[in-house]
Amino acid sequence: MGSHANGSTCAGDGPPPMEKRKEPAFPLKTMPLHANGWLNDMKLSSPTAVPVNIGSNSVAFDPIYRAWTQKYPSALNAFERIVACGKGKKIALFLDYDGTLSPIVDEPDNAVMSDQMREVVRSAALHLPTAIISGRSCDKVFDFVRLTELYYAGSHGMDIMGPVGKTGSVTDHRSRGTNSSKKQDKEMQIFQAASEFLPMIDEVFGLLVDKDWALVARCTDDVLKAYPRLRLSHGRKVLEVRPMVDWNKGKAVEFLLDSLGLADSDEVLPIYIGDDRTDEDAFKVLRGNKRGLGILVSSVPKESQALYSLLDPPEVMDFLKRLVKWKEEEEAQRITVKQLLVSVDDFRVNL
C-alpha cells in the first residue's frame with residue numbers, strides 16, 4: 001500500500017491542511033463527486049463505471065493508486081498512528097454495509113457478508129459501541145448481519161434501532177417516532193426521523209413498482225413532481241425517494257453519539273468506515289469538528305472527506321481484527337494496573 005502522509009492526523013489535531021499535503025508524483029484520474037445528470041451521476045457512483053480488471057494485490061501496486069494513497073494513507077499502514085489517537089479514549093465504530101462489510105455484487109439481494117466478517121464485527125461490538133449505517137432499510141441490513149449487539153441506522157440514518165435496555169439507547173434523548181420490534185427474541189428500540197413520510201413514500205412506491213427499470217428511470221422524476229416534499233437521490237445501482245428533511249449519515253452519526261452519551265467529549269474517538277458517496281456526509285461531520293476519523297474503502301482513486309483509505313472489504317476485516325486485538329490488549333493492561341494498585345493497597349494495610 002502507499003506511504004504515510006506527513007504530519008499528525010489525530011482527530012484532535014484535525015486533518016493536515018490541503019495546501020500542505022504533498023502532491024502525488026503521478027497524475028490522478030479521480031472520480032468526480034458530481035456529474036451532469038442524475039443518471040450519469042448514479043453510474044459514476046458504482047465501481048463498474050471504472051473498469052478494474054486486476055486483482056486487489058495488483059491495485060495496491062498500481063502507480064496511480066499508490067500516488068492517491070499519499071493523500072489518503074492506508075489505514076493498515078497507519079494503524080499505530082490511528083490507535084495512538086484513541087489511546088485512553090472510548091472508540092465509537094460506525095460502518096457502512098455494502099462495499100464495506102460485504103462485496104459489491106450485481107444483485108443487491110446477494111450482498112451477503114461472510115461468517116468470518118460477522119464474527120469480527122461481533123467481536124468489535126463486544127469492545128466498542130458499534131453501529132452499521134446503510135442506505136438499505138434497517139430490517140434488510142439486520143437480515144444480512146443478524147447481530148443484536150449492534151446499532152443499526154437504515155435509509156441513510158432515517159431509521160435507527162438498537163438494543164433495548166442498553167446504556168445509551170437510541171431513545172434516550174428523543175422519543176418522538178419510536179417503537180419496538182423483536183429481533184431473534186431480543187427487543188430492539190426503533191427511532192424514525194421521518195415517520196410521517198412513510199405513507200407518502202409507500203404511495204410513490206406503488207406507482208413505480210410494477211414498471212421495468214428503464215421505464216422507472218425515465219418516469220421517476222415526472223412522478224415526483226406531484227410530491228414536492230419528496231426528492232430523488234441515488235446510490236449504487238438504485239434510485240431512492242427520500243423526504244425533504246435535513247437528515248443523512250452524518251446526522252445519524254451525531255444522533256447516535258448523542259444518544260450514547262458520547263457527544264462533545266474529548267475522550268471519544270469516532271471512526272467511520274464507508275465506501276459510498278453517501279458516506280461523505282459522515283466523513284465531513286467527523287472531519288469538520290476534528291473529533292473523528294473517516295476511512296474510505298475504494299480501489300478507485302477519488303476525492304473524499306476521509307483521512308485514510310482501505311482497498312476492499314478484506315482489508316476492512318483486517319483493520320477491524322487489529323482494532324479488536326489492540327482494544328483487548330489495552331483492556332488487559334488496564335486490568336493488570338488495577339490489580340497491581342489493589343495489591344499495593346493491601347500491602348500497605350498489612351504493614
Side-chain angles (χ1 to χ4, degrees), residues 4-18 20-21 72-73 75-96 124-133 150-151 153 157 160 162 166-174 191 247-274 279-296 304-310 319-320 322-338 341:
H4 296 196
N6 293 328
S8 172
T9 50
C10 284
D13 299 329
M18 296 295 290
K20 293 184 180 180
R21 282 177 168 172
Y72 304 97
L76 292 175
N77 291 347
F79 182 79
E80 294 302 325
R81 185 189 306 173
I82 292 173
V83 295
C85 296
K87 187 175 182 180
K89 297 182 179 181
K90 191 177 189 69
I91 295 179
L93 187 60
F94 300 94
L95 306 166
D96 183 30
L126 294 177
H127 297 280
L128 312 167
T130 302
I132 293 179
I133 303 181
L150 309 181
Y151 295 87
I160 301 176
K166 198 167 185 176
T167 301
S169 73
V170 294
T171 57
D172 276 359
H173 305 290
R174 307 184 191 190
F191 166 78
W247 199 263
N248 52 45
K249 289 186 176 182
K251 296 285 187 180
V253 167
E254 292 179 319
F255 174 80
L256 284 167
L257 287 172
D258 185 46
S259 295
L260 296 170
L262 303 177
D264 302 321
S265 173
D266 293 333
E267 303 303 314
V268 176
L269 177 67
I271 296 177
Y272 190 104
I273 307 177
D279 298 309
E280 293 295 328
D281 292 315
F283 295 152
K284 186 176 181 179
V285 164
L286 297 184
R287 182 172 182 165
N289 59 27
K290 300 181 180 180
R291 286 188 45 234
L293 304 175
I295 301 175
L296 174 67
S304 176
Q305 293 290 329
L307 294 179
Y308 296 100
S309 67
L310 291 168
F319 178 83
L320 294 179
R322 293 181 64 178
L323 189 62
V324 169
K325 182 180 179 181
W326 172 80
K327 193 63 180 177
E328 289 174 343
E329 291 173 350
E330 185 188 53
E331 291 171 353
Q333 291 174 357
R334 189 180 298 116
I335 292 173
T336 300
V337 170
K338 287 182 179 180
L341 292 176

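Just so it is clear, the model here is predicted, and its values are computed rather than measured.
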How about Ile91 and Trp326: do any of their side-chain heavy atoms sit closer than 4.5 Å?
yes
Salt bridge between Asp281 and Lys249, side-chain N to carboxylate O under 4.0 Å?
no
Quick one: OG1 on Thr130 to CG on Leu93, what's the gap to the nearest 0.5 Å?
4.5 Å
Taking it one step at a time, do Phe94 and Leu257 satisfy side-chain contact (heavy atoms from CB on, under 4.5 Å)?
CA-CA 10 Å; Phe94 300 94; Leu257 287 172; 3.8 Å; yes
Closest non-hydrogen atoms of Leu269 and Gly292, given as atom of the first, atom of the second and distance, are CD1-CA, 4.2 Å
Determine whether more than 12 heavy atoms belonging to other residues, nucleotides or ligands lie under 6.0 Å from atom NZ of Lys284.
no
I'd like to know if the side chain of Arg287 reaches the main chain of Gly294, judged simply by a donor and an acceptor atom lying under 3.5 Å from each other, with no hydrogens or angles considered.
no
Between Gly274 and Asp96 the two heavy atoms that sit nearest each other are CA-CB, 3.7 Å
Taking it one step at a time, do Ile273 and Leu320 satisfy side-chain contact (heavy atoms from CB on, under 4.5 Å)?
CA-CA 10 Å; Ile273 307 177; Leu320 294 179; 4.2 Å; yes
Check against side-chain contact (heavy atoms from CB on, under 4.5 Å), Ile160 and Phe255
CA-CA 10 Å; Ile160 301 176; Phe255 174 80; 3.4 Å; yes
Any side-chain heavy-atom pair from Leu128 and Ile271 closer than 4.5 angstrom?
no
For the CG atom of Leu307 and the CZ atom of Phe283, what is their distance to the nearest 0.5 Å?
9.5 Å
Which heavy-atom pair separates Ala306 from Ser304 by the least distance, and what is that distance?
N-OG, 2.9 Å
Carboxylate-amine/guanidinium contact Glu330 Lys327, below 4.0 Å
yes
Test item: Tyr272 side-chain N/O and Leu286 main-chain N/O as donor-acceptor pair under 3.5 Å:
no
Determine the minimum heavy-atom distance between Pro129 and Leu260, stating which atoms define it.
CB-CD1, 4.2 Å
